[in-house]
Structure formats: structure tokens, C-alpha cells
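Index from 1, following the sequence.
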Amino acid sequence: NRSKDYWKSGKISLNRWQAEISEAVETPLIEQGYDIVSTKEEAFENISAKMRTQIALAATITDLKMNICHLYNGYYKTSVGLAGGSAYIKVKWELYDTLRKKSLGIIENEAIGQIDDPASGGVQLLIIDALRNAATDLGRTQKFYNLATKGADEDEYDEDEEFQVKFKN
């Protein structure tokens with residue numbers, strides 16, 4: 001028997017995955033010791049959280065490549081709704097000083113996501129895993145640390161001044 005490969009293309013929506021995406025970026029940075037005003041705290045609606053927010057972080061996915069395995073029912077030749085595989089992601093991160101209303105800098109990095117066991121929502125979960133790994137790597141860079149703790153120009157900031165990071169949606 002000869003099997004056929006079916007290649008899928010098109011767009012997927014990540015809108016319903018917003019909470020998971022935010023958590024994938026926030027959690028690694030919190031684990032590395034950054035003081036994060038979480039999107040769960042509704043930083044732009046909750047006044048006490050808003051007062052803590054001094055630096056916003058935006059992420060733009062500039063490149064995404066995926067190798068995906070969709071599981072199909074062999075008899076009916078229909079998808080069973082499970083997918084796994086690997087994803088390469090390139091992210092452009094921008095830090096923005098909300099007090100001084102200016103960009104502090106841009107950092108680009110790359111990461112890989114992996115799902116070994118096919119899962120429901122596997123395509124989205126691959127992107128989220130790759131984004132989590134990119135955020136982990138971002139938090140470990142000296143440039144991010146310097147920008148998140150001191151800003152663009154060290155002379156502008158008091159060394160004892162504490163900074164927090166807020167994620168833009």
C-alpha cells in the first residue's frame with residue numbers, strides 16, 4: 001500500500017489561547033526573579049497594579065516554522081483532532097517605559113517548541129511552548145536584565161528604584 005501525505009496550510013487563531021500565551025511569557029520571567037504585573041491582575045484596570053507597571057513588554061512573532069503530525073483515523077481518513085511535532089519561532093521583544101513614554105529597546109531571539117505526544121490543540125500548544133522557551137531565554141539575557149532594571153539610560157534612573165514589567169496584549 002502506498003500512503004499519501006496531506007499538507008495543510010492556512011491560518012489559525014490564537015485568540016482563545018490568550019491566557020495560556022500570557023502565562024507562557026510571564027511564568028518563566030517570574031521564576032527568574034522579575035517582578036511581573038500579570039495580565040491576571042488586569043494591570044490597566046486595577047489602579048494599584050497600574051501604579052506598579054513601569055515597563056511594558058510586547059512580543060511580535062516574526063517567523064514561525066512548524067513540523068506537525070496530525071493523527072488521522074486510517075479507516076475513515078478523517079482527523080482525530082490531535083497534533084504534535086516541533087515549532088521554530090523568532091520573536092521581536094520591545095520594552096516600553098510607560099512613565100517616560102519611550103521605547104527602551106528591542107531584543108530578538110529564537111526558540112524551539114516540542115510536543116512529543118499528540119494533543120488536542122497541538123498546533124497552538126506548539127506555538128505556546130516555543131514562546132515560553134523564547135521568554136525563558138529572553139529573561140536570561142544581560143540586555144533584557146539591564147533594560148528591565150535600569151532602562152535605556154542608566155543616568156535617568158535611581159539605582160534603588162524598582163521596576164516591574166507588564167505584558168501588552
Side-chain angles (χ1 to χ4, degrees), residues 5-46 48-50 52-73 76-96 98 103-141 143-145 147-148 163-169:
D5 291 330
Y6 295 94
W7 296 95
K8 293 176 79 174
S9 66
K11 296 181 180 181
I12 60 165
S13 173
L14 295 173
N15 289 342
R16 75 177 193 93
W17 296 86
Q18 189 60 47
E20 290 87 351
I21 291 169
S22 294
E23 185 177 323
V25 175
E26 293 169 6
T27 301
L29 295 175
I30 290 169
E31 288 172 353
Q32 293 177 49
Y34 292 96
D35 184 8
I36 305 298
V37 176
S38 173
T39 53
K40 294 174 192 163
E41 294 180 67
E42 300 174 2
F44 295 113
E45 295 174 19
N46 179 323
S48 65
K50 186 175 181 178
R52 284 182 50 215
T53 305
Q54 297 169 355
I55 297 176
L57 178 65
T60 303
I61 297 172
T62 58
D63 195 11
L64 176 65
K65 294 178 177 79
M66 302 177 79
N67 291 312
I68 302 168
C69 176
H70 291 275
L71 292 185
Y72 281 84
N73 178 315
Y76 294 107
K77 297 186 185 201
T78 58
S79 174
V80 296
L82 304 175
S86 63
Y88 157 87
I89 194 170
K90 185 173 183 179
V91 183
K92 180 174 83 172
W93 305 92
E94 182 174 6
L95 285 90
Y96 182 80
T98 61
S103 177
L104 297 176
I106 292 174
I107 301 170
E108 291 186 320
N109 70 357
E110 302 170 351
I112 301 291
Q114 181 81 30
I115 294 181
D116 294 326
D117 297 321
S120 178
V123 174
Q124 292 86 346
L125 293 173
L126 276 170
I127 295 169
I128 291 167
D129 188 54
L131 190 57
R132 178 183 300 107
N133 293 334
T136 299
D137 293 345
L138 174 71
R140 293 177 180 154
T141 66
K143 183 175 181 181
F144 178 78
Y145 175 80
L147 292 175
F163 285 86
Q164 287 81 32
V165 178
K166 164 66 184 112
F167 300 100
K168 289 174 158 178
N169 290 331

For the student: nearest non-hydrogen atoms of [X] and [Y], plus distance:
X      : Y      : answer
Gly139 : Leu29  : CA-CD2, 3.5 Å
Gln32  : Arg140 : OE1-N, 3.2 Å
Ile68  : Val123 : CD1-CG2, 3.8 Å
Ala130 : Ala111 : O-CB, 3.5 Å
Leu82  : Ser120 : CD2-N, 3.3 Å
Ile128 : Ala24  : CG2-CB, 3.6 Å

Can you tell me how far [atom2] of [Y] sits from [atom1] of [X], rounded to the nearest 0.5 angstrom?
X      : Y      : atom1 : atom2 : result
Ile115 : Asp129 : CD1   : CG    : 6.5 Å
Leu147 : Glu94  : CG    : CD    : 10.5 Å
Glu31  : Ile36  : CD    : CD1   : 11.0 Å
Gln54  : Leu95  : CD    : CG    : 13.0 Å
Trp93  : Thr60  : CH2   : OG1   : 9.5 Å
Ile89  : Met66  : CD1   : CE    : 9.0 Å

Donor-acceptor contact present, side-chain Ser22 to main-chain Ala19, <3.5 Å: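 No: the side chain of Ser22 does not pair with the backbone of Ala19.
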Ser86 backbone acceptor or donor facing Lys65 side chain under 3.5 Å: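 No; zero donor-acceptor contacts below 3.5 Å.
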Over 12 foreign heavy atoms within 6.0 Å of OH, Tyr88: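 More than 12 within 6.0 Å, yes.
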Side chain to side chain contact (heavy atoms under 4.5 Å, CB included) between Ile112 and Asn133, worked out: CA-CA 7 Å; Ile112 301 291; Asn133 293 334; 5.6 Å; no
Side chain to side chain contact (heavy atoms under 4.5 Å, CB included) between Val91 and Leu138, worked out: CA-CA 10 Å; Val91 183; Leu138 174 71; over 6 Å; no
Pairwise side-chain contact, Thr141 with Asn109, heavy-atom cut-off 4.5 Å (strictly under): no
